[in-house]
Every structure is written in C-alpha cells, then in structure tokens.
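Owing to the predicted nature of the structure, the values given are computational and were not obtained by experimental measurement. This chain uses plain numbering: 1 for the first residue, then up along the sequence.
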Amino acid sequence: MGSMRLFLLLAFNALMLLEAHGFTDKTDTQALLEFKSQVSEDKRVFLSSWNHSFPLCSWEGVKCGRKHKRVTSLDLRGMQLGGVISPSIGNLSFLIYLDLSNNSFGGTIPQEVGDLFRLEYLYMGINYLGGGIPTTLSNCSRLLDLDLFSNPLGRGVPSELGSLANLVSLNFRENNLQGKLPASLGNLTSLIRASFGGNNMEGEIPDDVARLSQMMILELSFNQFSGVFPPAIYNMSSLENLYMAFNHFSGRLRPGFGILLPNLQELNMGGNFFTGSIPTTLSNISTLQKVGLNDNNLTGSIPTFEKVPNLQWLLLRRNSLGSYSFGDLDFISSLTNCTQLEKLGLGGNRLGGDFPISITNLSAELTDLLLEYNHISGRIPQDIGNLLGLQTLGLRENMLSGPLPTSLGNLFGLGVLDLSSNKLSGVIPSTIGNLTRLQKLRLSNNIFEGTIPPSLSNCSELLHLEIGYNKLNGTIPKEIMQLSHLLTLSMPSNSISGTLPNDVGRLQNLVLLSVSDNKLSGELSQTLGNCLSMEEIYLQGNSFDGIIPNIKGLVGVKRDDMSNNNLSGISLRWLRKRKKNQKTNNSAASTLEIFHEKISYGDLRNATDGFSASNMVGSGSFGTVFKALLPEENKIVAVKVLNMERRGAMKSFMAECESLKDIRHRNLVKLLTACASIDFQGNEFRALIYEFMPNGSLDMWLHPEEIEEIRRPSRTLTLRERLNIAVDVASVLDYLHVHCHEPIAHCDLKPSNVLLDDDLTAHVSDFGLARLLLKFDQESFFNQLSSAGVRGTIGYAAPEYGMGGQPSIHGDVYSFGVLVLEMFTGKRPTNELFEGSFTLHSYTRSALPERVLDIADKSILHSGLRVGFPVVECLKVILDVGLRCCEESPMNRLATSEAAKELISIRERFFKTRRTARR
Ligand SMILES: *[C@@H]1O[C@H](CO)[C@@H](O)[C@H](O)[C@H]1NC(C)=O
Ligand SMILES: *[C@@H]1O[C@H](CO)[C@@H](O)[C@H](O)[C@H]1NC(C)=O
Ligand SMILES: *[C@@H]1O[C@H](CO)[C@@H](O)[C@H](O)[C@H]1NC(C)=O
Ligand SMILES: *[C@@H]1O[C@H](CO)[C@@H](O)[C@H](O)[C@H]1NC(C)=O
Ligand SMILES: *[C@@H]1O[C@H](CO)[C@@H](O)[C@H](O)[C@H]1NC(C)=O
Ligand SMILES: *[C@@H]1O[C@H](CO)[C@@H](O)[C@H](O)[C@H]1NC(C)=O
Ligand SMILES: *[C@@H]1O[C@H](CO)[C@@H](O)[C@H](O)[C@H]1NC(C)=O
C-alpha cells in the first residue's frame with residue numbers, strides 16, 4: 001500500500017515536471033500555431049519564424065520564462081497583422097504580457113482572453129476590433145494596464161471590470177462605447193489614469209468614483225456625459241490632467257475648485273454648458289499649464305494668474321465673461337509673470353475697457369492673441385511689436401481706434417492679422433511688407449486712409465487681402481499682382497483711383513475679386529480672362545469704360561456685377577444670357593460659402609436615393625462615389641463616402657478638410673463641403689462632396705471596353721484631347737509641387753483619379769485624401785499601395801514607395817509618366833503583357849523612335865487627325881516626356897515644371913493653340 005502511494009507520488013511529480021517542460025510547451029506551440037493560422041494569409045509571412053523547426057522561445061515576438069520555458073510575453077505590436085484573434089490565445093496560461101496593438105485585427109476580442117489569469121498587461125489598441133468588451137476580462141485579476149484604444153468596440157463598459165482591483169491604467173479612448181460609466185469602477189482604487197474619451201457614453205459620473213483618490217489623468221472628452229461638474233472629481237486631489245471637453249456638463253463650478261484640485265496641470269472643459277463665474281481659486285493652482293474653457297456660458301470677471309508661472313494656454317473664448325466695462329482686462333497684467341504663455345484666447349465675450357498696454361509685456365513665446373468680438377476700445381499699443389513670437393493676432397469686431405503702430409512690422413512670424421470692423425485710422429504702414437509669413441490680412445471696415453502700400457507685395461504667402469470699407473485712396477499698386485497665391489482680393493468702398501492693373505491675370509488662383517464702389521477708371525484688362533479659378537467678380541460702381549473683357553473661359557463664376565460703369569460691347573448681352581443659365585443650373589452661393597454649410601447624413605441619403613446602386617458612379621480604394629442632387633441648391637454633386645476606419649482620423653477630419661479648401665486650382669476637382677455625421681445605424685459617417693464631373697474618369701475613356709455599355713463614352717479621345725488632358729494634369733502637379741506654400745504630393749495619381757468635365761477639361765481628384773489617409777492612417781495608406789487588391793495603383797506607384805520610401809513629389813512625377821504612357825499607348829501598366837523587367841516603360845522605350853506606330857493606341861490614329869499631320873513625330877516627343885518622368889531613380893526624373901513646359905510647347909508646336917484660348 002505504502003509503495004503504491006510512493007509510486008503515485010513519483011508519477012505525479014514526473015507529470016508536474018512534464019507539464020512544466022516538454023509536454024505543455026506543446027500547448028503553447030499549438031496555441032500559437034493556431035493563432036498564426038487565423039492571421040490573414042498575406043500577412044502570415046511576418047510570422048514565418050513560427051514553425052516547428054525553430055524553437056518556440058525564439059519565435060518572433062515570443063518570450064518565455066527562464067525556468068519553465070512557457071510563453072510569458074507575446075509582443076506583436078505594429079506588425080501589420082490582419083485577420084482575427086484566435087481563441088487559442090486563451091491557452092497561453094503563463095502569459096503575463098500581451099501586446100497586439102497597432103495591427104489590423106478584426107472580429108472581436110475572444111472571451112478566452114479571460115482565461116489568462118496571470119495577465120498583467122493587455123494591449124489591443126489601434127485595431128478593428130468590434131463587438132463588446134468581454135466581461136470575462138474581469139477574471140484577469142492581476143491586470144495592471146488595459147489598453148483597447150481606437151477600435152470600433154461597442155456596447156457598454158462591463159460593470160464586471162470593477163473587480164480588477166490592481167488596475168493602474170485603463171484606456172478605452174476612441175471606441176464606440178455606449179451607456180453610463182458603471183458605479184463598480186469605484187472599486188478600482190489603484191487607478192492612476194483612465195480614458196473614456198471619444199465614445200458615445202452618457203449620463204452622470206457616478207459618485208462611487210470618488211474613491212479613485214490616486215487618479216492623476218482622467219479623460220472624459222467627446223462623449224455625452226451630463227450633470228453638474230461631477231462631485232466625485234472634487235475628491236481626486238491627485239488629479240493632474242482633467243479632460244472633459246465636448247460633453248453636456250452644466251451648472252456652476254464650486255468656489256473651492258482650485259483648493260480641492262491643487263495639482264492640476266492641464267484642464268480642458270471646453271464645449272460644455274457650464275455657467276456662473278470662473279472660480280478665483282483657479283489661480284491658487286500653481287502647477288497649471290493649460291486651461292481650456294472655450295464655448296461655455298461662463299460669466300463674471302476673469303481671475304488673476306500671478307501665482308501660475310507655468311501657464312501656457314488660457315482659452316476662454318465664446319463665453320459671456322466681462323461686463324462691457326473698464327477693468328475687465330485688468331487681469332492681463334497678472335499674466336506678465338507667465339513666461340511660457342503661448343495662447344491667450346478671450347474672443348467672443350463681453351470684455352470692455354481700453355486695450356491694456358501690459359499686453360506688450362507678455363511672454364515673447366505668445367503665438368496666439370485672440371481678443372475678437374469684444375468691446376475693447378482705445379489704441380493698439382505702440383510696442384505691440386514686442387510680442388515677437390506672435391503668429392495670430394485677432395482683434396476683429398471691437399472698438400479700437402487710432403493708428404496702427406509701425407512696430408507691427410517686427411512681428412515676422414505673423415500669419416493672420418485680423419483687425420476688421422474697428423475704428424482704426426491713419427495709414428496702413430509700409431512696414432506691413434515685413435510680415436513675409438502673412439497669409440490673411442483683414443483690415444476691412446475701419447477708417448484707414450492714404451494709399452495701399454506697395455510693400456505688401458513682399459507678403460508673398462498672402463491668401464486673403466481684405467481692405468474694403470475704408471477711406472483708402474491712390475491707385476492699386478501693380479506690385480500686388482505679384483501675390484500669385486491670392487484667393488481673395490477685396491477692396492470695395494474706398495476712394496481708389498486709376499486702373500485695374502493690366503496684369504491682374506497673373507492672379508491665377510483668385511476666387512474673389514472685389515473693387516466695387518471706388519473711383520477706378522480706364523479699360524478692363526483682357527488678362528482678367530486668365531483668372532480661371534474665379535467665382536465672384538465685383539466691379540460695379542466705378543468708371544470703367546471700353547469693352548467688357550472676354551471672360552467666357554471663367555466657367556466657375558457664380559456671381560458678377562459690373563453695373564454702374566461705362567462698359568459696353570456685345571459681350572455684355574452675352575453675359576446676361578450666361579447669368580440666366582447659371583440661375584437655373586447652378587447654385588447661387590459661392591463654394592467658399594457652401595463649404596461652411598453643414599450637410600447631414602440624412603440629406604445625403606435622400607439626395608442619393610438611399611445610396612442606391614443606380615446612383616453609384618464609381619468606387620475606389622478610398623470609398624464609393626455617388627451622384628447626388630442637392631435639392632436646396634438644385635445642384636448635382638459627387639458624394640464620396642469614405643471607408644476610413646480609424647477613429648483617430650474621424651476626429652480631425654473636419655479640421656483637415658478645412659485646411660484643404662485653401663488649395664485651389666482650376667484642374668483640381670473642387671471640394672465643396674464635407675459631411676461628418678452618424679448614420680442611421682449609429683456608425684460614424686464621413687463623406688466629401690465634390691463638383692460633379694459629367695464626363696467621368698479618364699480611365700473610362702481610355703479603356704471603354706472594360707465598362708458596361710450604358711456608361712461607356714460614345715467615342716474615343718483624339719490625340720489633341722489627350723494632350724490637353726496631359727497638360728491639365730501636369731499644370732496642377734506643377735501647382736501642388738512648386739507653387740503651393742510647401743510642396744504637396746498627391747500620392748495617388750492614376751487615370752481613375754483624373755476626371756473630365758463637360759468640355760473635357762481634366763480635374764484631378766482625391767488630392768488631399770491621400771494626404772489625409774497618410775496623416776492619420778499610414779498603415780492603410782501603404783497597404784493600399786501594396787495590396788494586390790488594388791492592382792491599378794500598383795503600376796503607378798513609384799518603385800521607391802515599395803521599398804518604404806516616403807511619398808514625395810518625385811513619386812508623383814513617376815505616376816504622371818506612367819499616366820502619359822498609358823494615355824498614348826492605351827496599355828495599363830498592369831496589363832498582363834508586362835512581367836518582371838518587361839514593363840510599360842521598357843515596352844515604350846524599345847519601340848522608340850522607329851516603331852512608335854506599333855505601340856500607339858490605335859484609336860488615336862483613327863480619330864480626328866487631319867491629312868498630313870506629323871503623327872509619328874508628335875507621339876515620339878510626347879512619349880519621350882512620359883519616359884523621362886518615370887525613370888527608375890527619382891533623381892533622374894524630369895522636374896514637374898519641366899514636364900509641364902515641354903508638354904505645353906509640344907501642344908503649341910503641333911496644334912498652334914492661341915495663347916489664351918484653351919482648346
Ligand atoms: C523557420 O523559422 C526560421 C527562423 O526564422 C527560418 O530560418 C526557417 O526558414 C523557417 N522554416 C520554415 C520551414 O519556414
Ligand atoms: C464594486 O462596487 C460595487 C458598487 O460600488 C459593489 O456593489 C461591488 O460589490 C464591488 N465589488 C466588485 C468586485 O465589483
Ligand atoms: C448663456 O447665457 C446667456 C445670458 O447669460 C443666455 O442668454 C444664453 O441663453 C445662455 N446659453 C446657454 C446655452 O445656456
Ligand atoms: C512676478 O514674480 C515675482 C517673483 O518671481 C514677484 O516678485 C512679482 O510680484 C510677480 N509679479 C506679479 C505681477 O505677480
Ligand atoms: C521693414 O519695412 C520697412 C519699410 O518697408 C523697411 O524700411 C525696413 O527695412 C524693414 N525692416 C526689416 C528688418 O526688414
Ligand atoms: C488721399 O488721402 C489723403 C489723406 O486723407 C490726402 O491727404 C490726399 O490728398 C489724398 N490724395 C488724393 C490723391 O486724393
Ligand atoms: C428625406 O426624405 C423624406 C421623405 O421625403 C423626408 O421625410 C425626410 O425629412 C428627408 N430627410 C432629410 C434629412 O431631408
């Protein structure tokens with residue numbers, strides 16, 4: 001009997017030994033191979049070391065315990081893995097550390113993760129994980145750090161998580177979580193940081209969380225939480241960063257706010273409904289760095305900040321602070337000790353009194369000084385030029401008077417100067433020309449006199465020049481016409497005399513020109529017809545005479561007024577007819593205005609007949625395009641519904657779109673507006689609304705055989721039309737690469753992104769989208785370049801992209817070269833003919849110069865060439881430009897401007913186009 005027991009004991013021990021060594025590291029091997037089998041096939045290559053001939057503990061991302069050789073750590077972060085997470089992961093029972101973040105896993109988080117009872121660190125952020133947070137996670141009782149950031153996880157936060165008593169850090173940011181914050185979270189007394197930002201959570205914050213006394217960072221922003229400032233938070237005296245912006249919190253803040261939360265560094269409560277005054281105890285918090293209280297309903301006076309030496313941001317815009325009286329701005333002198341102050345935003349309040357001179361003693365670090373929409377009187381201090389770091393100075397809509405200090409010219413970094421709608425007088429100092437970074441200069445609605453300083457031409461980055469409704473006289477300096485980026489040139493209702501400078505046509509990007517109600521005279525320059533981006537022209541109320549210039553090429557003009565002049569000519573009657581047409585076909589509002597109008601998901605759904613297939617006009621890597629009729633504007637537009645899945649991208653989407661609107665060119669598809677909304681299933685919905693291009697994409701025209709008969713173009717493009725399109729595309733690239741403020745690469749140029757309007761003018765689309773995607777979602781950007789699913793893109797992407805090269809203007813030139821070769825040979829770079837080193841490039845090269853007719857698209861030779869046209873010669877030189885653009889090495893490629901110039905000169909040589917006529 002005794003020996004039997006001994007035997008059993010020995011056997012048991014042997015088993016234990018086995019379990020710790022040979023036998024069950026098989027469990028781990030098995031679990032991981034199972035895991036690998038669920039990773040999408042094309043990405044499994046990253047786990048090639050996970051094979052039987054290689055020891056488990058040396059597999060990529062795997063670490064084992066020193067003694068028992070069981071897997072304790074699995075770190076696969078950022079490995080581009082897709083597919084789903086296998087439930088077998090739950091069998092890695094010795095796992096302490098699990099990091100799958102920054103991959104493309106879809107599906108759900110398997111319940112079996114809850115079996116990992118030794119787990120301390122769990123990271124699954126930045127994936128596509130849906131469903132809910134599994135309640136079984138509550139079994140991982142040793143968890144210290146739980147991070148599920150940026151996934152589409154839905155449902156509520158499980159109350160079971162309240163049992164994770166050791167949890168130090170919790171990150172559920174940017175998911176789709178709903179419901180209330182469970183009271184049980186009050187049990188997580190070890191929590192130091194918790195983030196619920198960017199979800200759809202609601203209700204009041206439960207009092208139970210008052211027990212989280214260790215909390216240092218709490219983020220609740222971008223939800224629908226409501227109620228008064230949560231009383232529980234007043235108990236979190238360790239709190240350093242508190243983010244509650246964009247919720248529905250209301251009520252008053254406690255007077256003791258700053259005493260109760262004495263360690264705050266960053267506080268953002270903007271975009272709520274807080275009322276009452278800012279607690280004066282805020283200034284007892286000597287650690288404060290950033291204070292954001294914009295967009296609330298706060299009243300009363302602004303406290304002083306003497307004892308807050310590290311204050312960087314004080315943002316109080318759009319509240320009801322102040323009493324329209326002297327003293328409202330006295331607190332400013334207390335900011336002079338804040339030597340790191342960067343942003344001071346007080347606009348949109350009730351602040352009165354004189355512009356305080358102490359502002360000139362603020363930190364030289366100050367970049368943004370925003371006092372617009374208040375009742376501030378007095379003069380702008382002489383020494384405003386002390387604020388050397390200033391980038392934005394907004395004083396619009398106040399009661400400021402007196403002259404502009406010449407020291408403004410010291411503010412070399414200034415990008416925005418908005419002084420409109422005050423009572424400022426005197427001359428515009430010529431030192432304004434020292435502000436070479438200026439993009440927006442707004443001085444309208446003041447009583448400025450004297451002349452427009454010619455030195456303005458030094459502000460070479462200027463986009464908006466608005467100086468209307470003043471008492472300016474003298475002439476329009478011809479130097480202004482050197483400001484080639486100008487979008488708005490607006491100087492109505494002054495006493496400006498002389499002529500409209502002859503070379504106004506140099507302002508190729510101008511969208512709005514207003515010189516109405518001045519004393520201008522003489523003939524209007526014919527070059528006005530070169531401002532092809534123009535949408536609004538106001539010349540009325542002057543003494544212009546002679547013939548109305550030929551502006552029939554300005555197809556974008558939506559509003560014009562030339563009345564009350566002495567203009568004559570047949571073209572005037574031409575114009576009227578045109579205007580009438582536009583009333584019926586086009587919206588009256590300019591795109592600049594439309595851009596700010598919100599369009600809802602419901603509007604778009606109605607306008608596209610429920611996104612019906614019959615309204616679908618295309619689909620591409622970024623999303624699906626529908627044709628839509630906007631009933632109110634009576635305008636047909638193209639709606640691109642984006643399939644951007646990253647939540648991080650969503651948040652910044654509108655802001656980024658806003659920045660795209662300043663980038664304009666006649667050969668870019670115009671972005672009219674954007675829609676950021678929630679669809680009827682509650683999913684995030686993003687769409688871009690573009691001008692509709694009735695003639696579809698270049699791709700359709702080049703490969704009509706590939707599309708269904710009903711959408712097929714009725715004829716092929718002629719040689720000349722193709723050349724025009726190539727010139728159009730080259731000019732917009734030249735604009736993006738050379739003439740924007742900073743070179744901008746399109747990153748995804750290909751025939752399906754070149755759209756044709758009703759007269760076959762080419763407009764490049766999807767510009768900016770690549771940029772957006774690249775900015776927020778680098779990984780899917782590159783996946784798209786390399787994914788076999790998007791064969792089209794492959795052939796156009798420069799070889800260096802495949803090797804991890806950054807997108808660049810050289811890459812665009814490559815894509816353009818391929819596009820040219822395709823346009824004139826009719827062959828896609830992805831044609832099955834091409835393989836290995838035999839490419840569209842080598843195919844073309846080998847045929848030049850003798851056999852050019854062998855490779856040329858046959859349909860060119862059959863369409864519209866007059867007898868005796870030197871077709872061989874013409875094709876040779878065009879294809880040669882294409883070849884030089886798509887050289888293998890970026891440095892050997894033609895520069896964009898060279899390519900554009902050469903194509904234009906080919907057009908002039910073979911088709912003798914008149915300089916101004918476009919076709
Ligand atoms: C197994 O992984 C090792 C290490 O990465 C590798 O060298 C070997 O080629 C792999 N074997 C198989 C069959 O994939
Ligand atoms: C956590 O807190 C809730 C309510 O605050 C309580 O009912 C529960 O028993 C606590 N314990 C656990 C393990 O959730
Ligand atoms: C903000 O306060 C003003 C007056 O104090 C009031 O007229 C306005 O309705 C309030 N707005 C909100 C959103 O509470
Ligand atoms: C600024 O700080 C100094 C000492 O750091 C202090 O003496 C002075 O009173 C402070 N100024 C203001 C306006 O509080
Ligand atoms: C500033 O502008 C004035 C007038 O245009 C000019 O004389 C002066 O040299 C400029 N100063 C600098 C530093 O550029
Ligand atoms: C322009 O205005 C200034 C100041 O009002 C005045 O002195 C000057 O005579 C005016 N010049 C002309 C040409 O009207
Ligand atoms: C969409 O159309 C339906 C039916 O005509 C209408 O009831 C609804 O209000 C429309 N929705 C929007 C957002 O225009």
Side-chain angles (χ1 to χ4, degrees), residues 221 229 241-247 249-255 257-258 261 264-338 340-356 358-359 362-363 365-376 387 390-398 400 416 418:
S221 324
F229 182 92
N241 298 347
L242 175 60
Y243 308 105
M244 304 172 51
F246 296 98
N247 278 289
F249 290 112
S250 57
R252 305 168 77 96
L253 300 171
R254 284 194 199 163
F257 190 96
L261 300 172
L264 280 181
Q265 294 173 12
E266 299 191 3
L267 172 66
N268 191 355
M269 310 204 292
N272 282 290
F273 302 102
F274 287 116
T275 52
S277 56
I278 302 174
T280 51
T281 55
L282 204 61
S283 46
N284 290 35
I285 310 176
S286 59
T287 47
L288 267 184
Q289 295 172 9
K290 295 183 178 171
V291 177
L293 292 168
N294 285 344
D295 299 292
N296 276 290
N297 222 357
L298 297 165
T299 51
S301 57
I302 301 173
T304 57
F305 290 89
E306 284 99 351
K307 290 173 273 177
V308 189
N310 300 323
L311 195 67
Q312 293 169 18
W313 297 5
L314 182 58
L315 305 177
L316 308 173
R317 296 169 81 194
R318 293 178 297 267
N319 278 285
S320 302
L321 295 162
S323 57
Y324 302 123
S325 54
F326 282 82
D328 284 345
L329 291 168
D330 284 358
F331 78 99
I332 294 232
S333 63
S334 76
L335 295 173
T336 54
N337 264 13
C338 306
Q340 296 166 48
L341 194 67
E342 281 172 20
K343 295 179 197 284
L344 180 59
L346 306 173
N349 278 293
R350 302 169 175 178
L351 301 170
D354 279 353
F355 197 108
S358 56
I359 271 193
L362 292 182
S363 160
E365 304 289 313
L366 195 69
T367 57
D368 296 37
L369 179 56
L370 300 169
L371 303 172
E372 73 286 352
Y373 298 100
N374 276 298
H375 284 243
I376 303 171
L387 298 174
L390 221 50
Q391 293 169 14
T392 302
L393 178 57
L395 303 176
R396 184 191 186 101
E397 305 251 358
N398 276 291
L400 296 166
V416 178
D418 190 347

- request: List for me each residue that meets ring-ring contact (aromatic ring centres under 6.0 Å, His included) alongside F246, sequence neighbours excluded, and say none if there are none.
  value: F222
- prompt: Considering all heavy atoms of both residues, which atom of L387 and which atom of S363 are nearest to each other, and what is their separation?
  reply: CD2-O, 3.9 Å
- prompt: Can you list the residues that meet the side-chain hydrogen bond (donor to acceptor under 3.5 Å, both in side chains) rule with S325, with sequence neighbours excluded?
  reply: S323
message: So, using side-chain hydrogen bond (donor to acceptor under 3.5 Å, both in side chains) as the criterion, who are the partners of N268 when residues are at least two apart?
response: none
- request: Write down the atom of T275, the atom of L298, and the distance for their closest heavy-atom approach.
  value: O-CD2, 3.7 Å
query: Under the side-chain contact (heavy atoms from CB on, under 4.5 Å) test, which residues partner E397, sequence neighbours left out?
result: Y373, S421
- prompt: Does the side chain of L267 reach to within under 4.5 Å of the side chain of F257, using non-hydrogen atoms?
  reply: yes
- request: For F326, check ring-ring contact (aromatic ring centres under 6.0 Å, His included) against everything at least two apart and list the hits.
  value: none
- prompt: Just wondering, do R317 and E372 contact through their side chains at under 4.5 Å, heavy atoms?
  reply: yes
Passing option when L329 is tested against I302, I359, L346 for side chain to side chain contact (heavy atoms under 4.5 Å, CB included): L346
query: Would you call N337 and P309 a side-chain contact if the rule is heavy atoms closer than 4.5 Å?
result: no
query: Where is the tightest heavy-atom contact between N319 and L293, given as atom of each residue plus distance?
result: ND2-O, 2.9 Å
statement: Residues at least two apart in sequence or cross-chain that pass side-chain contact (heavy atoms from CB on, under 4.5 Å) with T287, listed by chain then number, are Q265, I285
- request: Could you pull out all residues at least two apart from L315 that satisfy side-chain contact (heavy atoms from CB on, under 4.5 Å)?
  value: N294, W313, K343
Partner set under side-chain hydrogen bond (donor to acceptor under 3.5 Å, both in side chains) for N310, not counting sequence neighbours: Q340
task: Please report the closest heavy-atom contact between R318 and D295, naming both atoms and the distance.
output: NE-OD1, 2.7 Å
field: Residues which pass side-chain contact (heavy atoms from CB on, under 4.5 Å) with S250, listed by chain and number, not counting sequence neighbours
entry: F273
query: Side-chain contact, heavy-atom cut-off 4.5 Å: L370 with L344?
result: no
- prompt: Is any side-chain heavy atom of L400 less than 4.5 Å from a side-chain heavy atom of L395?
  reply: yes
- prompt: Side-chain contact, heavy-atom cut-off 4.5 Å: L321 with L316?
  reply: yes
pair L282-L288: side-chain heavy atoms closer than 4.5 Å: yes
task: Over all heavy atoms of both residues, which pair between P303 and S283 is shortest? Give the atoms and the distance, please.
output: CB-OG, 4.4 Å
task: Taking all non-hydrogen atoms of both residues into account, name the closest pair between M269 and N296 and its distance.
output: O-ND2, 3.1 Å
- prompt: Partners of R254 by salt bridge (charged side-chain N to carboxylate O under 4.0 Å, His left out), sequence neighbours excluded?
  reply: none
- prompt: Between atom OG1 of T336 and atom CG of L341, what is the distance when rounded to the nearest 0.5 Å?
  reply: 10.5 Å
Straight-line distance of D418 CG to L371 CG, nearest 0.5 Å: 12.0 Å
- line: Contacts of N398 meeting side-chain hydrogen bond (donor to acceptor under 3.5 Å, both in side chains) (sequence neighbours excluded), chain-then-number -> none
- prompt: F274 vs F229 aromatic rings, parallel, tilted or perpendicular, using cut-offs 30° and 60°?
  reply: tilted
With E342 via salt bridge (charged side-chain N to carboxylate O under 4.0 Å, His left out) - residues at least two apart: none
